[in-house]
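As structure tokens, the structure follows; a few thoughts come after it.
Just so you know, residue 1 is the first one in the sequence shown, and it goes up from there.
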Amino acid sequence: MQPNESYAELTALLQSAFRKLQVEAFVGPIAGAYCDGNYNLCLNGKKIAGTASRIIRRKNHTAHICHASIAVYGSPDKDISLIGRFERRVGLDKEYATTSHTSVANIMGLSIA
């Protein structure tokens, strides 16, 4: 299986799970999102999950490991502040929009303290 196929399979599974919560998700990049990519999982035009993968080759076998990091609850403001601080320390200078991110709690209208 190729990496793009793995991402498509993973995001389809997650979209199906969100549909069971009566939430329609789509896959694609989001302007202003940190770690932006073609296989973000998005709700209401905001990134809720990012995907990543690793290809491992050993003795004529190839394994493609693919996962998603889903924002369940939390503060996009705080996350972006921490990410920005880290990136500046390593010499990167990017700006991200808090309005480009959301969480499951936010989408579901839940207040988690």
Side-chain donor-acceptor pairs of residues 36-45 under 3.5 Å, sequence neighbours excluded:
{"unit_1": "Asp36", "atom_1": "OD1", "unit_2": "Ile30", "atom_2": "N", "d": "3.0"}
{"unit_1": "Asp36", "atom_1": "OD1", "unit_2": "Asn40", "atom_2": "ND2", "d": "2.5"}
{"unit_1": "Asn40", "atom_1": "OD1", "unit_2": "Gly37", "atom_2": "N", "d": "3.4"}
{"unit_1": "Asn40", "atom_1": "ND2", "unit_2": "Gly28", "atom_2": "O", "d": "3.4"}
{"unit_1": "Asn40", "atom_1": "ND2", "unit_2": "Gly37", "atom_2": "O", "d": "3.2"}

For [X], all residues meeting side-chain hydrogen bond (donor to acceptor under 3.5 Å, both in side chains), sequence neighbours excluded:
X: Thr102; value: Asn106
X: Asp77; value: Thr98
X: Tyr34; value: none

Nearest 0.5 Å please: distance from the [atom1] atom of [X] over to the [atom2] atom of [Y].
X: Lys47; Y: His101; atom1: NZ; atom2: NE2; value: 5.5 Å
X: Ile70; Y: His67; atom1: CD1; atom2: NE2; value: 10.5 Å
X: Cys66; Y: Arg54; atom1: SG; atom2: CZ; value: 14.0 Å

Ile56 and Thr62: CA distance, side-chain angles, deciding distance, side chain to side chain contact (heavy atoms under 4.5 Å, CB included) verdict: CA-CA 6 Å; Ile56 301 170; Thr62 301; over 6 Å; no
Can you give each donor-acceptor pair under 3.5 Å made by side-chain atoms of residues 12-26, sequence neighbours left out, with the distance rounded to 0.1 Å?
{"unit_1": "Gln15", "atom_1": "NE2", "unit_2": "Ala25", "atom_2": "O", "d": "2.9"}
{"unit_1": "Arg19", "atom_1": "NE", "unit_2": "Glu24", "atom_2": "OE2", "d": "3.4"}

Heavy-atom donor-acceptor pair, Ser103 side chain to Ala71 backbone, under 3.5 Å: no
Side chain His61, main chain Arg57, donor-acceptor under 3.5 Å: no
Residue pair His64 / Ser53, side-chain donor-acceptor N/O under 3.5 Å: yes
Please output the side-chain donor-acceptor pairs of residues 78-94 that fall under 3.5 Å, not counting sequence neighbours, one pair per line with the distance.
{"unit_1": "Glu87", "atom_1": "OE1", "unit_2": "Tyr96", "atom_2": "OH", "d": "2.8"}
{"unit_1": "Glu87", "atom_1": "OE2", "unit_2": "Tyr96", "atom_2": "OH", "d": "3.1"}
{"unit_1": "Arg88", "atom_1": "NH1", "unit_2": "Gly84", "atom_2": "O", "d": "3.3"}

Tyr7 to Ala52 - nearest heavy-atom pair and separation: OH-C, 3.5 Å
Considering all heavy atoms, the nearest Ser100-Ala31 contact: OG-O, 2.7 Å
